[in-house]
Amino acid sequence: MPAALPPARQTPLAMSAETFRQLGHDLVDRLATFLEAVPDGPVTRGEAPARVRELLDAAAALPDAGAEAGPLLARAADLLCDHSLLNGHPRFLGYITSSPAPIGMLADLLAAAVNPNVGAWRLAPMASEIEAQTVRWIADLVGYPSSCGGLLVSGGNMANMVALFAARVSVGGAAIRRDGIAAGGRRYGVYASEETHTWLQKATDLAGLGTDAIRWIPTDASQRVRVEALREAIATDRVAGRVPLMVVGTAGSVSTGAVDPLRELAALSREHGAWFHVDGAYGGFAAAVPGTPEDLQHLAQADSVALDPHKWLYAPLEAGCVLVRDEAALRHAFSYHPPYYHFGDPATNYFDLGVQNSRGFRALKVWLALAQAGRRGYVQMIGEDIALSERLAARLATHGDFEVLTQGLSITTFRYVPAEWRGREQTPAIAPRLDALNEALLDRLQASGELFVSNAVVCGRYALRACIVNIHTSAADVDAVPALIAAHGRAIHTAGAS
Ligand SMILES: *Cc1c(COP(=O)(O)O)cnc(C)c1O
């Protein structure tokens, strides 16, 4: 028998306007206090998994009866505020995850409350138009033709992957969608530097090309792809009957912030009919800032560009963006028209342009932040992050206990070198010990909560890596870094030597 329905329905998830107002105010008050106090606390508590599970009572079963919303929200806030790694901390300099802009936090609340489904225009009229404007603004910010198509996705990995799917149909032909990638015995090549982010493996794998389609091209001393080696790889493949599908240029490599010679890659791609894609997930936005590498201007020549608003636009996770010169390429790669969709509107239905069907309103937090800061605001913030990174490299270099390996965009790589090892960094006796020392140092720093850096391998050498994509980091934070790291480095080295 179906459940008996009372005349006025009372559901367990309903909340009166008065309760919503009260709990919302409580939460916002709590978060304002939390955000204000972040700089005074640790970046992370470095707690062990067992401890975190204990705090959560991880093994607890799904409750049969429900509970009051107020205490639940209070407990969730306690758990998260007190036991998270805080990438909004001024001394969070690890990985390329930005401090979240406060307007983005509020935007996510607004987006969730209205809950537009930005898969179809008719289901999200205003949100769809805001997303379209956001895409145009992003293109405008980085100097990409604003006649382009594009959409918001979950992050850089997805943005790059969507671009590969567009390239696959554009170069391989529409029949590839029906017949599959191997139909007709055709084989493809994808050309990218050894410094390319690991999205490329996932994407070639999932697109059916296989990771063996990737031609990993070596880099020069500045971690930029060697164009001549790339040219030769294409030539060799063509002789062997392999079709050049995509040339990938990285605008801001994940390890060192290197920018590939995009102008030359654009010309080479054109010459061979390959799709030219730029992975600007991290560094693409630096194209807006005067004084950054000139090659960034040439991302405007790409057939597609991946950008990550949850990196240098300071959007809270998640927000990636893919721009495609010709919007039709996305439609050709993704569109199907099943009978249960008949949206005849002369407007963009985003389910036609990407992988997702139902889509959240990721664009709102990006749109609001772009409007709040404006172009000038972003040029200032990104420019200051870069200046802080350059300052860090200079401070580390003059401190005496460090070897600075690279400085590019807002990434500095370096390592701690004990006094008696200096001048012998590359010798077979010292090199492995130096790597091991810095590896131990990274673990110790990450657990300390005093600051958070990550690591990179630069020319085979283990390095610490500080990346500043953080509106809260100041010159004073940067100036404190060398002494802080040196103290931990010395402690490890002394303990190891005794
Ligand atoms: C961060 C990054 C990615 C991956 O982006 P996600 O947002 O983490 O998916 C890809 N390429 C580069 C250059 C990156 O910096």
Side-chain angles (χ1 to χ4, degrees), residues 31 34-35 38-39 43-44 80 84-108 111 134 137-138 141-142 152-160 197 199 251-257 279-289 292 296 305-321 362-375 377-390 392 408-412 446 451-454 456 465-474 477-478 481:
L31 291 177
F34 161 71
L35 291 172
V38 163
V43 182
T44 173
L80 285 164
S84 291
L85 178 144
L86 304 173
N87 44 38
H89 194 289
R91 294 191 185 175
F92 176 79
L93 313 174
Y95 305 106
I96 315 179
T97 310
S98 65
S99 49
I103 198 168
M105 305 173 198
L106 297 172
D108 267 355
T134 306
W137 284 0
I138 287 174
L141 182 62
V142 301
L152 278 279
V153 292
S154 55
N157 259 34
M158 206 47 159
N160 283 306
H197 187 280
W199 69 266
S253 69
V254 66
S255 289
T256 65
D279 176 8
Y282 157 52
F285 294 111
V289 180
T292 51
L296 287 172
V305 183
L307 295 148
D308 239 347
H310 67 210
K311 288 178 176 168
W312 243 339
L313 294 188
Y314 314 98
L317 295 162
E318 305 165 342
C321 178
R362 291 194 182 93
L364 183 62
K365 57 196 169 193
V366 181
W367 183 73
L368 281 170
L370 283 166
Q372 188 193 0
R375 174 190 295 278
Y378 272 105
V379 169
Q380 178 198 328
M381 293 185 287
I382 296 171
E384 286 175 358
D385 281 349
I386 294 171
L388 284 167
S389 179
E390 290 168 351
L392 175 61
L409 296 180
S410 69
I411 298 177
T412 301
Q446 288 194 344
L451 90 172
F452 201 93
V453 293
S454 51
R465 166 179 172 279
C467 178
I468 303 177
V469 186
N470 192 331
I471 54 174
H472 303 300
T473 306
S474 67
D477 291 311
V478 157
V481 166

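Residue numbers run from 1 in the order of the sequence given. Bear in mind that the values here come from a model prediction, so they are computed numbers and not experimental data.
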_Does any part of the side chain of V379, heavy atoms only, come nearer than 4.5 Å to the side chain of R375, both counted from C-beta?_
yes
_Value rounded to 0.5 Å, distance of OG1 in T412 from CD1 in I468_ = 6.5 Å
*Evaluate the criterion side-chain contact (heavy atoms from CB on, under 4.5 Å) for residue pair T292 and I386; output intermediate values, then yes/no.*
CA-CA 9 Å; T292 51; I386 294 171; 3.7 Å; yes
*What distance do L141 atom CG and L307 atom CG have between them, rounded to the nearest 0.5 Å?*
9.0 Å
*asked:* Does any part of the side chain of N470, heavy atoms only, come nearer than 4.5 Å to the side chain of R91, both counted from C-beta?
replied: no
*D308 vs Y282 side-chain heavy atoms within contact, under 4.5 Å*: no
*Given the rule in the side-chain contact (heavy atoms from CB on, under 4.5 Å) test, do L85 and F92 qualify, once you have shown the distances and angles that lead to the verdict?*
CA-CA 9 Å; L85 178 144; F92 176 79; 3.4 Å; yes
*Quick one: NZ on K365 to CG on L370, what's the gap to the nearest 0.5 Å?*
13.0 Å
_Consider side-chain contact (heavy atoms from CB on, under 4.5 Å). Of T473, L451, V453, which one does V481 pass it with?_
L451
*Shortest non-hydrogen contact from L152 toward A319*: CD1-CB, 4.4 Å
*For the student: nearest non-hydrogen atoms of S389 and S410, plus distance*: OG-C, 3.1 Å
_H197/D279 under side-chain contact (heavy atoms from CB on, under 4.5 Å): CA gap, chis, key distance, verdict_ = CA-CA 9 Å; H197 187 280; D279 176 8; 4.1 Å; yes
*asked:* Just verifying a value: how many Å separate E384 CD and I471 CD1, rounded to the nearest 0.5 Å?
replied: 10.5 Å
_Looking at Y95, is its backbone amide N or carbonyl O close enough to the side chain of S454 to form a donor-acceptor pair, meaning the two atoms are under 3.5 Å apart?_
yes
*asked:* Could you check whether any side-chain N or O of R362 sits under 3.5 Å from a backbone N or O of C321, counting only pairs where one atom can act as donor and the other as acceptor?
replied: no
_Side chain proximity check, E390 to V478, heavy atoms < 4.5 angstrom_ = no
*Provide the closest heavy-atom pair for S253 versus I411 in the form atom of the first, atom of the second, distance.*
O-CD1, 3.7 Å
*Please report the closest heavy-atom contact between A159 and V153, naming both atoms and the distance.*
N-CG2, 3.5 Å
*Are side-chain heavy atoms of I96 and W312 found at a separation under 4.5 Å?*
no
*Are N87 and P100 side-chain neighbours, meaning at least one heavy-atom pair lies under 4.5 Å?*
yes
_Quick one, L35 and M105 - any side-chain contact, counting heavy atoms below 4.5 Å?_
yes
_Nearest atoms (heavy-atom pairs only) where L313 meets Y378_ = O-OH, 2.8 Å
_To check you understand the geometry: which heavy-atom pair defines the closest contact between H310 and S98, and what is its length?_
O-OG, 3.1 Å
*Should the ring pair W137 and W367 be called parallel, tilted or perpendicular, given that the plane angle runs from 0 to 90° and is split at 30 and 60?*
parallel
*Side-chain heavy-atom pair Q446, T44 within 4.5 angstrom cut-off*: no
*Are Y314 and S99 close enough, and set up right, to give a side-chain contact (heavy atoms from CB on, under 4.5 Å), and what steps lead you there?*
CA-CA 6 Å; Y314 314 98; S99 49; 4.1 Å; yes
